[in-house]
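Just so you know, these numbers use all the heavy atoms, side chains as well, and skip hydrogens, waters and symmetry mates. Counting starts at 1 for both ligands and their atoms, following the listed order.
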Amino acid sequence: MSDEPSKLTRSKERWAQEGRFLTGQGARPDSERLPPGQHRVSNWPVLDLGVRPEVSQERWQLAVTGAVGKTLRWNWETFAARATTQAISDMHCVTTWSRYDNHWIGLPVSELLDEVQPRDEATHVLLHSYDGYITNLPLADFAAPGAMLVHSWEGQPLTAEHGGPVRALIPHLYLWKSAKWLRRIDFRVGDTPGFWEMRGYHDRGDPWQEQRYSDDDA
Ligand SMILES: Nc1nc2c(c(=O)[nH]1)N[C@H]1C(S)=C(S)[C@@H](COP(=O)(O)O)O[C@H]1N2
Ligand SMILES: [Mo]
């Protein structure tokens, strides 16, 4: 054997110096806030199926259907009159970016639920969008504190690329659950997978449990 350290040994020494692969969990104040495997960004990336429907406020309507005491069909005026709550939350995308402290204006889902009165047998919701996208959620996640139907971000109307005029926001789950260009909320008895949930993504998508893919047992 030569006295020269192998290439691997040198690499490993360098990694030790750099602290490579350390998650830093527990070492930073941030560790409580940044889910595992995520990194922080300051911009807001755009991700979708690539079909960006142009939905004007005039054309936009929201239907609430299924296992509810009262179905609804709201237009922009009806929605906007109610959607005046301001909130701040973080976003976590399964592609590993997280963005902190987003300022939203919209309607808390809890207020929508007061209005439509989900029936006792309702267990899930399916969110339908103007581009044909669908995503499913347990009712408990849809009803969770922080869940909203939002129309403004950082004091400006949501841009078309981010799902304006109105998108769902479920900040405690990966962002694929936050349907852009929201068109219909269907209350369901039982679970039906949505677009990504049929394509290998986790049924629930909790970033804190790193529920990225459906073959994760997490
Ligand atoms: N209607 C609709 N909503 C959607 C999507 C989509 O393709 N269509 N993509 C989802 C995915 S995979 C992600 S990561 C987020 C991205 O939202 P953003 O483009 O505003 O960052 O939107 C989610 N909501
Ligand atoms: Mo995504």
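- Nearest protein heavy-atom neighbour of atom 11 (C) of ligand 1: W176 CA, 3.7 Å.
- For ligand 1 and C93, the ligand atoms under 4.0 Å from any heavy atom of the residue are 14 (S).
- Looking at atom 21 (O) of ligand 1, its nearest protein heavy atom turns out to be P45 O, 2.7 Å.
- Scanning the protein heavy atoms around atom 17 (O) of ligand 1, the nearest turns out to be R167 NH2, 3.2 Å.
- S178 places a side-chain heavy atom less than 4.5 Å from the side chain of R167.
- With a 4.0 Å cut-off on non-hydrogen atoms, L175 touches ligand 1 through its backbone as well as its side chain.
- The proximity of W44 to ligand 1, defined as any non-hydrogen pair under 4.0 Å, is limited to the side chain.
- Considering backbone and side-chain N/O atoms, K180 comes within less than 3.5 Å of an N/O atom of ligand 1.
- Both L182 and W74 belong to a single network of hydrophobic side chains, linked directly or stepwise wherever heavy atoms of I, L, V, M, F, W or Y lie under 4.5 Å apart.
- With K177 as the partner, the side-chain hydrogen bond (donor to acceptor under 3.5 Å, both in side chains) test is satisfied by one option alone out of H172, E197, H202: E197.
- Using the six-membered ring where Trp is involved, H92 and W208 have ring planes that are perpendicular, over 60° apart on the 30 and 60° scheme.
- Each of the following atoms of ligand 1 lies closer than 4.0 Å to a heavy atom of V46: 19 (O).
- Using a 4.0 Å cut-off between heavy atoms, Y133 contacts ligand 1 through its side chain alone, with no backbone atom that close.
- The distance from ligand 1 to the heavy atoms of S129 drops below 4.0 Å at these ligand atoms: 1 (N).
- In this structure, D120 places its CG atom where only 12 or fewer heavy-atom neighbours from other residues, nucleotides or ligands lie under 6.0 Å away.
- Among all non-hydrogen protein atoms, the one lying nearest atom 16 (C) of ligand 1 is L47 O, 3.2 Å.
- Closest approach of L137 and F142 over heavy atoms only: CD1-CD1, 3.7 Å.
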(request) Please step through salt bridge (charged side-chain N to carboxylate O under 4.0 Å, His left out) for the pair R183 and D131, ending with a clear verdict. (result) CA-CA 9 Å; R183 169 185 206 147; D131 60 343; over 6 Å; no
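- Considering backbone and side-chain atoms together, S178 places an N or O closer than 3.5 Å to an N or O of ligand 1.
- Interface of D48 with ligand 1, defined as ligand atoms under 4.0 Å from a residue heavy atom, comprises 6 (C), 7 (O), 9 (N).
- Protein heavy atom closest to atom 8 (N) of ligand 1, with residue, atom name and distance, is D131 OD2, 2.7 Å.
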(request) Check the pair W181, Y133 against ring pair (Phe, Tyr, Trp, His ring centres under 6.0 Å), reporting the backbone distance first and the verdict last. (result) CA-CA 9 Å; W181 313 292; Y133 185 78; 8.7 Å; no
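- Residues satisfying the side chain to side chain donor-acceptor pair (under 3.5 Å) test with E111, not counting sequence neighbours, are none.
- In this pair, H151 and F79 present their aromatic rings perpendicular. The plane angle is above 60°, beyond the 30 to 60° band.
- Regarding atom 7 (O) of ligand 1, its nearest protein heavy-atom neighbour is L49 N, 2.9 Å.
- Heavy-atom separations between A179 and ligand 1 include at least one value shorter than 4.0 Å.
- Between W104 and W44, the ring planes are perpendicular. Angles over 60° get that label, and only those under 30° would be called parallel.
- For atom 12 (S) of ligand 1, the nearest protein heavy atom (residue, atom name, distance) is W196 NE1, 3.3 Å.
- Annotation for ligand 1: atoms under 4.0 Å from non-hydrogen atoms of W181 are 1 (N), 2 (C), 8 (N).
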